[in-house]
Novice: 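One structure is given below, represented as structure tokens, and several questions about it will come after.
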Amino acid sequence: MKKFGILLSIFLFFASYGKCFSQQTIITVPSSDVLPAGEIILKESNRFTPWHDSFVSLTPSLIVGTGKDTETSIGVGTSLDDTTSVKLDIASKKVFKAGKSTRFTVGGRISPNLTDGERPDSLIYAHGSYLIKKTRTTITSGVYVMGLGDLPDMPGAILGIDQTIIPNKLRLVADWMSRGDTGSSLSAGFKIRPLPKTSITTAIMIPNSNEDRLAFTISISQYVGNIFDIIKKEEEKL
């Protein structure tokens with residue numbers, strides 16, 4: 001019962017605790033920000049198009065700092081279109097810091113399909129990011145190899161920009177994945193931080209593929225805290 005009480009308290013604590021946190025993606029491209037060990041973000045990402053061929057995609061996810069400038073995330077994506085499709089989204093990345101302004105990031109993602117029995121989509125990427133301190137601009141560029149229902153075998157380029165407009169409140173962001181396959185697009189929008197622990201990203205996504213549809217995305221990220229600190233505090237209360 002004591003352990004159950006700790007777990008229940010941690011779950012309730014997740015809904016109310018937080019502080020400032022970094023951005024884990026530009027829009028669709030992973031950023032060079034990484035969570036310290038044990039720190040957690042809860043994120044809900046929604047993608048939709050409102051026209052006659054409308055669709056909605058909902059992806060709640062959990063992002064955890066795993067130490068030594070690495071982090072891992074797991075999400076469940078549900079696409080509501082002509083049919084309903086559910087995929088896992090499992091990703092991990094490693095960030096290498098070269099001074100205060102330059103970072104290099106490598107990572108990957110695999111997305112097993114839980115409803116259609118298809119082979120999982122996959123992605124491997126590497127990019128560098130440079131912060132121009134005078135203008136508060138971060139520029140990201142790199143490469144990726146993607147696999148749609150297969151091992152990664154389709155190479156492309158990554159570009160991204162993150163421009164601070166109001167420090168800790170408002171940022172203009174954009175990213176681009178170069179291939180013409182499903183999932184590659186030019187995305188542009190804003191990151192808004194109404195509270196120190198909450199970030200909202202809104203953007204328009206212009207697909208590279210003629211088969212994809214123009215879409216909008218909105219995601220909400222909630223910083224939870226450090227799981228080790230939360231467990232320690234809850235144990236001290238019991």
Side-chain angles (χ1 to χ4, degrees), residues 14 21-47 57-79 85-97 103-116 118-129 138 140-160 162 173 175-179 181-185 187 191 199 201 203 205 215 217-224 227:
F14 279 178
F21 59 91
S22 57
Q23 305 293 339
Q24 308 317 111
T25 57
I26 303 172
I27 295 176
T28 59
V29 172
S31 74
S32 60
D33 290 330
V34 63
L35 288 172
E39 296 200 355
I40 294 174
I41 287 176
L42 300 179
K43 183 176 182 179
E44 171 62 35
S45 299
N46 306 308
R47 188 177 301 180
S57 176
L58 311 172
T59 308
S61 57
L62 171 71
I63 307 166
V64 183
T66 46
K68 297 183 178 180
D69 291 326
T70 65
E71 72 178 30
T72 299
S73 68
I74 182 168
V76 180
T78 302
S79 296
S85 176
V86 181
K87 289 185 178 182
L88 284 179
D89 188 31
I90 304 168
S92 185
K93 68 180 179 183
K94 166 71 174 177
V95 176
F96 302 89
K97 299 176 182 177
R103 295 185 178 189
F104 298 96
T105 305
V106 295
R109 183 175 71 232
I110 186 168
S111 302
N113 196 308
L114 303 181
T115 54
D116 298 339
E118 300 175 351
R119 291 182 178 181
D121 296 339
S122 55
L123 176 75
I124 297 173
Y125 65 89
H127 63 59
S129 298
T138 300
T140 298
S141 65
V143 296
Y144 71 95
V145 186
M146 178 172 59
L148 297 176
D150 209 339
L151 295 175
D153 60 356
M154 300 182 293
I158 289 172
L159 292 175
D162 186 328
V173 289
D175 58 31
W176 178 63
M177 298 180 71
S178 67
R179 290 190 62 88
D181 306 289
T182 294
S184 299
S185 64
S187 303
K191 287 185 179 292
S199 177
T201 301
M205 303 177 66
T217 181
I218 180 169
S219 65
I220 301 174
S221 298
Q222 181 76 22
Y223 177 83
V224 173
I227 185 64

Novice: Under the 3.5 angstrom rule, does the side chain of Ser31 hit a backbone N or O of Asp33 as a donor-acceptor pair?
Specialist: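 Yes; judged by distance alone, with no hydrogens or angles, the pair exists.
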
Novice: In sequence, state the C-alpha distance, the side-chain angles, and the governing distance for Asp89 and Ser73, and then conclude on side-chain hydrogen bond (donor to acceptor under 3.5 Å, both in side chains).
Specialist: CA-CA 8 Å; Asp89 188 31; Ser73 68; 5.6 Å; no

Novice: Can you measure from NE2 (His127) to OG1 (Thr105) and round to the nearest 0.5 angstrom?
Specialist: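 Reported value, rounded in 0.5 Å steps: 4.5 Å.
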
Novice: Whether the Ser111 and Asn113 side chains hold a donor-acceptor pair (N or O, under 3.5 Å, no angle test) is what I'd like checked.
Specialist: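 No, no side-chain donor-acceptor contact under 3.5 Å.
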
Novice: With distance as the sole criterion, is a donor-acceptor pair present between the side chains of Thr28 and Asp175 under 3.5 Å?
Specialist: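 Yes.
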
Novice: Quick one: does Val64's side chain get under 4.5 Å of Glu39's, heavy atoms only?
Specialist: no

Novice: If you define the side chain from C-beta out and look only at heavy atoms, does anything of Tyr144 sit under 4.5 Å from Pro155?
Specialist: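 No; the side chains remain at least 4.5 Å from each other.
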
Novice: Determine whether Ser221 and Ser199 satisfy the following criterion, side-chain hydrogen bond (donor to acceptor under 3.5 Å, both in side chains), listing intermediate values before the conclusion.
Specialist: CA-CA 5 Å; Ser221 298; Ser199 177; 5.4 Å; no

Novice: Do Gln24 and Ser32 have side-chain heavy atoms sitting under 4.5 Å apart?
Specialist: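 Not in contact.
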
Novice: Do NZ/NE/NH1/NH2 and the carboxylate oxygens of Lys191 and Asp162 come within less than 4.0 Å?
Specialist: no

Novice: Pair Lys94, Asp69 - check salt bridge (Lys or Arg N to Asp or Glu O under 4.0 Å), show working.
Specialist: CA-CA 6 Å; Lys94 166 71 174 177; Asp69 291 326; 5.1 Å; no

Novice: For Lys87, give me all partners under salt bridge (Lys or Arg N to Asp or Glu O under 4.0 Å), at least two apart in sequence or on another chain.
Specialist: Asp121

Novice: Decide side chain to side chain contact (heavy atoms under 4.5 Å, CB included) for Phe96 and Val106; before the verdict, give the C-alpha distance in whole Å, the side-chain angles of both, and the deciding distance to 0.1 Å.
Specialist: CA-CA 9 Å; Phe96 302 89; Val106 295; 3.9 Å; yes

